[in-house]
Participant: 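This structure is in structure tokens; I'll ask about it shortly.
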Amino acid sequence: MTSSEQSVRLAAGDVELTVRPDNGCRIESLRIGGDELLRQGDRYGCFPMVPWCGRIANGRFLSGATWHQMPLNSPPHAIHGTGRDTVWRTAAADKADAVFTYDLAEPWPYPGRVTQTVGLTEDELTLRLGVETQRDSFPAQAGWHPWFNRSLGGEDVRVDFTPEWQEERGEDHLPTGRRIAPTPGPWDDCFGMPDGVDVTLTWPGRLELKVTSRAPWVVVYDEQEAAVCVEPQSGPPNGLNTAPHLVTPIEPLEITASFAWRRLEKHALSSWA
């Protein structure tokens, strides 16, 4: 493990990972055998979405009898939480594991603490997010927004998954409340996987990567030419209003996700046990 004021670097075999706690605790790089999996740039990589995921309708959410207004960073909505715009603290780090925290603060109206744990092996990246409070209870969500490169120098990535339903998306990019049969892509859509997120990305001849989580929601975004996103999260877009998880002093919000990979021989087929 090496670190500086701006980055924490983990390694396992020929796998290297860099976290930027000063830039929303995003994973800015994940290199596997020389292949960079994540789109590069300050806005990209893989960032935690917390204390909410996706869009909040008009930036407003109801907690108890009180409406709260978040900044409209994707007008007319607020999007992807405040954690990605926050400087986090490195609580612990060694060669292949690290822990980061930040304390919730304005514009979020409730005090609390967020913890992200990162663990790396030669064939898997494990992530955990926790949101806790010692005082007031509040609704929250958590998840991750990885920007995977569409190509690793060969054929474009293929995304395979079997959701139980798709959240119908309105013209405002928010779920309408109707669940529909999954439609073909391209997508900027939320899907329900009640048995847990299970999505496979395949870069033919290079790499196969499984995104899994016990969380029942995943957003898939593949409308951009350079990258595709597979986002496991604890609730759907606008979930602070429609499907909130209540964080209390005795019940934190916790979510984990795994990105597990295997390397592919060119033209060879691979299956998961």
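All of these numbers come straight from a predicted model, not from anything done at the bench.
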Participant: Could you check whether any side-chain heavy atom of Phe138 comes within less than 4.5 Å of a side-chain heavy atom of Leu104, counting everything from C-beta outward?
Facilitator: yes
Participant: Are any of the side-chain heavy atoms of Gln166 and Ile180 separated by less than 4.5 Å?
Facilitator: yes
Participant: Does the side chain of Gln224 come under 3.5 Å of the side chain of Arg39 through a donor N or O and an acceptor N or O?
Facilitator: yes
Participant: For the residue pair Trp147 and Tyr44, categorise the inter-ring angle as parallel (less than 30°), tilted (30 to 60°) or perpendicular (more than 60°).
Facilitator: perpendicular
Participant: Would you check if Tyr102 and Thr82 make a side-chain contact, meaning some heavy-atom pair closer than 4.5 Å?
Facilitator: yes
Participant: Under 4.5 Å between side-chain heavy atoms, counting indirect links through other Ile/Leu/Val/Met/Phe/Trp/Tyr residues: same cluster for Phe47 and Leu37 or not?
Facilitator: no
Participant: Find out if a path of hydrophobic residues (ILVMFWY) with successive side-chain heavy-atom gaps under 4.5 Å connects Leu209 to Val157.
Facilitator: yes
Participant: Any salt bridge linking Arg263 with Asp14? Criterion: basic side-chain nitrogen under 4.0 Å from a carboxylate oxygen.
Facilitator: yes
Participant: With a 3.5 Å distance limit and no angle check, can you tell me whether Thr133 reaches the backbone of Pro249 through a side-chain donor-acceptor pair?
Facilitator: no
Participant: Determine the sole option in Asp97, Val8, Leu17 for which the side-chain contact (heavy atoms from CB on, under 4.5 Å) test with Val118 is passed.
Facilitator: Leu17
Participant: Is it true that Arg179 and Glu168 make a salt bridge, defined as a side-chain N closer than 4.0 Å to a carboxylate O?
Facilitator: no
Participant: Using a strict 4.0 Å threshold on nitrogen-to-oxygen distance, state whether Arg262 and Asp123 make a salt bridge.
Facilitator: no
Participant: Yes or no on ring-ring contact (aromatic ring centres under 6.0 Å, His included) for His145 and Tyr221, after CA distance, side-chain angles and deciding distance?
Facilitator: CA-CA 10 Å; His145 195 305; Tyr221 173 62; 7.4 Å; no
Participant: Is it true that Arg113 and Glu132 make a salt bridge, defined as a side-chain N closer than 4.0 Å to a carboxylate O?
Facilitator: no
Participant: How about Leu38 and Cys46: do any of their side-chain heavy atoms sit closer than 4.5 Å?
Facilitator: yes
Participant: Determine, stepwise, if the pair Trp144 / Gln116 fulfils side chain to side chain donor-acceptor pair (under 3.5 Å).
Facilitator: CA-CA 11 Å; Trp144 291 273; Gln116 175 166 244; 2.8 Å; yes
Participant: For Leu129 and Gly143, which heavy atoms make the closest approach, and how far apart are they?
Facilitator: CD1-O, 3.4 Å
Participant: Looking at Arg169 and Asp188, does any basic side-chain N land under 4.0 Å from a carboxylate oxygen?
Facilitator: no
Participant: Count I, L, V, M, F, W, Y as connected when their side-chain heavy atoms are under 4.5 Å apart, and connections chain through other members. Are Met49 and Leu174 then in the same cluster?
Facilitator: no
Participant: What verdict does the ring-ring contact (aromatic ring centres under 6.0 Å, His included) test give for Trp108 and Phe61, after you've listed the backbone C-alpha separation in whole Å, the side-chain angles of each residue and the deciding distance to 0.1 Å?
Facilitator: CA-CA 11 Å; Trp108 185 253; Phe61 72 94; 5.1 Å; yes
Participant: Is there a side chain to side chain donor-acceptor pair (under 3.5 Å) between Arg9 and Ser7? Walk through the geometry before answering.
Facilitator: CA-CA 6 Å; Arg9 295 182 177 89; Ser7 63; 3.2 Å; yes
Participant: Scan side-chain atoms only and decide if Ser63 and Tyr110 contain a donor-acceptor pair under the 3.5 Å cut-off.
Facilitator: yes
Participant: Measure the shortest side-chain to side-chain distance between Phe161 and Val230 over non-hydrogen atoms and say whether it is less than 4.5 angstrom.
Facilitator: no
Participant: Could you walk me through whether Gln141 and Leu240 satisfy the side-chain contact (heavy atoms from CB on, under 4.5 Å) test, starting with their C-alpha distance in whole Å, then the side-chain angles of each, then the deciding distance to 0.1 Å, before giving a yes or no?
Facilitator: CA-CA 7 Å; Gln141 294 177 289; Leu240 287 189; 4.2 Å; yes
Participant: Please determine whether a side-chain nitrogen of the Lys or Arg among Asp160 and Arg158 lies less than 4.0 Å from a carboxylate oxygen of the Asp or Glu.
Facilitator: yes
